[in-house]
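A note on names: the letters A, B, ... follow the listed sequences, proteins ahead of strands, and every chain is numbered from 1.
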Amino acid sequence: AQTVTQSQPEMSVQEAETVTLSCTYDTSESDYYLFWYKQPPSRQMILVIRQEAYKQQNATENRFSVNFQKAAKSFSLKISDSQLGDAAMYFCAYRSALPASNTGNQFYFGTGTSLTVIP
Amino acid sequence: DTGVSQNPRHKITKRGQNVTFRCDPISEHNRLYWYRQTLGQGPEFLTYFQNEAQLEKSRLLSDRFSAERPKGSFSTLEIQRTEQGDSAMYLCASSGRGRTDTQYFGPGTRLTVL
């Protein structure tokens with residue numbers, strides 16, 4: 001089974017500064033998707049950004065960008081100009097790109113990184 | 001699009017009781033997923049439906065757990081003879097057609113077993 005590792009249980013960043021959250025994964029597949037989800041306290045999980053493994057270009061969504069290193073199986077999230085509303089638990093997730101009828105539909109999540117934004 | 005909804009949001013029950021949770025996915029989504037999340041952990045996959053068919057079940061899903069999606073719309077997750085170890089957040093997610101669709105999560109049902 002695929003595994004996703006987030007080695008930073010907690011991170012903090014000064015408001016308006018930049019922070020990078022790390023994620024590594026283990027898979028033997030060549031086609032897959034990677035995601036970062038944000039889960040604010042007592043609130044539901046929200047998609048932050050998505051990356052298709054076959055795309056070499058790193059995904060970006062406004063202040064959020066990723067550094068996808070396929071050979072190294074690394075998928076870090078960079079948050080620029082951090083805002084107080086960015087404070088949350090961030091989860092990295094992996095999903096196989098196998099056809100829908102196979103076992104590739106579930107997400108594999110890391111254990112999360114708790115991000116604190118300091119005013 | 002009203003998003004994924006789950007009811008109840010919180011459930012407190014005594015050990016040995018049965019509980020049932022409901023998930024209403026985004027209306028045009030044909031895939032529905034259940035996850036369990038314990039404190040300090042990421043969500044763990046429980047089961048997956050495509051329309052009304054249950055296509056995947058995790059080994060985490062013991063015989064006490066059963067899930068249904070009778071008409072391919074809402075889904076229910078039932079836990080029989082609850083145990084204290086069942087205390088967790090139960091998350092539901094849905095996704096649309098096609099390989100590249102992303103899962104959208106509901107707010108979860110927090111279960112506490114006393």
Side-chain angles (χ1 to χ4, degrees), chain A residues 1-10 21 23-25 29 31-55 59 61 75 88-114, chain B residues 1-7 9-10 23-26 29-51 53-61 67 69 88-110:
Chain A
Q2 287 75 11
T3 57
V4 178
T5 301
Q6 293 179 250
S7 59
Q8 306 156 314
E10 298 177 346
L21 308 184
C23 173
T24 58
Y25 57 94
E29 299 174 339
D31 195 10
Y32 49 86
Y33 307 99
L34 296 165
F35 304 81
W36 279 98
Y37 278 88
K38 168 186 176 181
Q39 189 176 39
S42 301
R43 295 181 62 185
Q44 69 194 78
M45 203 165 306
I46 304 165
L47 175 68
V48 175
I49 199 165
R50 181 179 79 178
Q51 174 82 41
E52 289 99 333
Y54 66 87
K55 290 186 177 179
E61 287 288 340
F75 183 62
M89 184 71 84
Y90 286 81
F91 291 97
C92 177
Y94 170 104
R95 178 188 183 272
S96 172
L98 288 172
S101 60
N102 288 356
T103 58
N105 293 285
Q106 64 170 286
F107 276 23
Y108 296 89
F109 285 87
T111 52
T113 296
S114 178
Chain B
D1 178 3
T2 57
V4 179
S5 62
Q6 292 186 245
N7 288 289
R9 296 290 305 277
H10 303 274
C23 170
D24 287 88
I26 293 171
H29 284 180
N30 65 330
R31 300 179 196 170
L32 188 147
Y33 309 79
W34 285 99
Y35 291 85
R36 181 171 66 188
Q37 185 179 22
T38 53
L39 197 63
Q41 299 295 318
E44 294 175 298
F45 171 79
L46 292 178
T47 190
Y48 155 68
F49 290 85
Q50 185 166 313
N51 300 312
Q54 189 174 18
L55 297 185
E56 288 183 53
K57 289 174 62 174
S58 166
R59 285 173 292 177
L60 292 174
L61 210 65
R69 195 182 183 199
M89 177 76 84
Y90 290 85
L91 297 171
C92 176
S94 71
S95 67
R97 302 181 185 275
R99 295 175 60 200
T100 61
D101 281 332
T102 299
Q103 294 184 11
Y104 295 89
F105 284 82
T109 294
R110 181 167 295 284

Considering all heavy atoms, the nearest B:Tyr33-B:Ser95 contact: OH-OG, 3.2 Å

Which atoms of B:Leu46 approach chain A - backbone, side chain, both or neither, heavy atom under 4.5 Å: neither

Under 4.5 Å from a heavy atom of chain B, the part of A:Gln6 involved: neither

By ring-ring contact (aromatic ring centres under 6.0 Å, His included) - contacts of A:Tyr90 (at least two apart): none

Side-chain donor-acceptor contact under 3.5 Å, B:Gln103 with B:Tyr48: no

ring-ring contact (aromatic ring centres under 6.0 Å, His included) involving B:Phe49 - partner list, sequence neighbours excluded: none

Contact origin within B:Gln37 toward chain A - heavy atom pairs under 4.5 Å: side chain

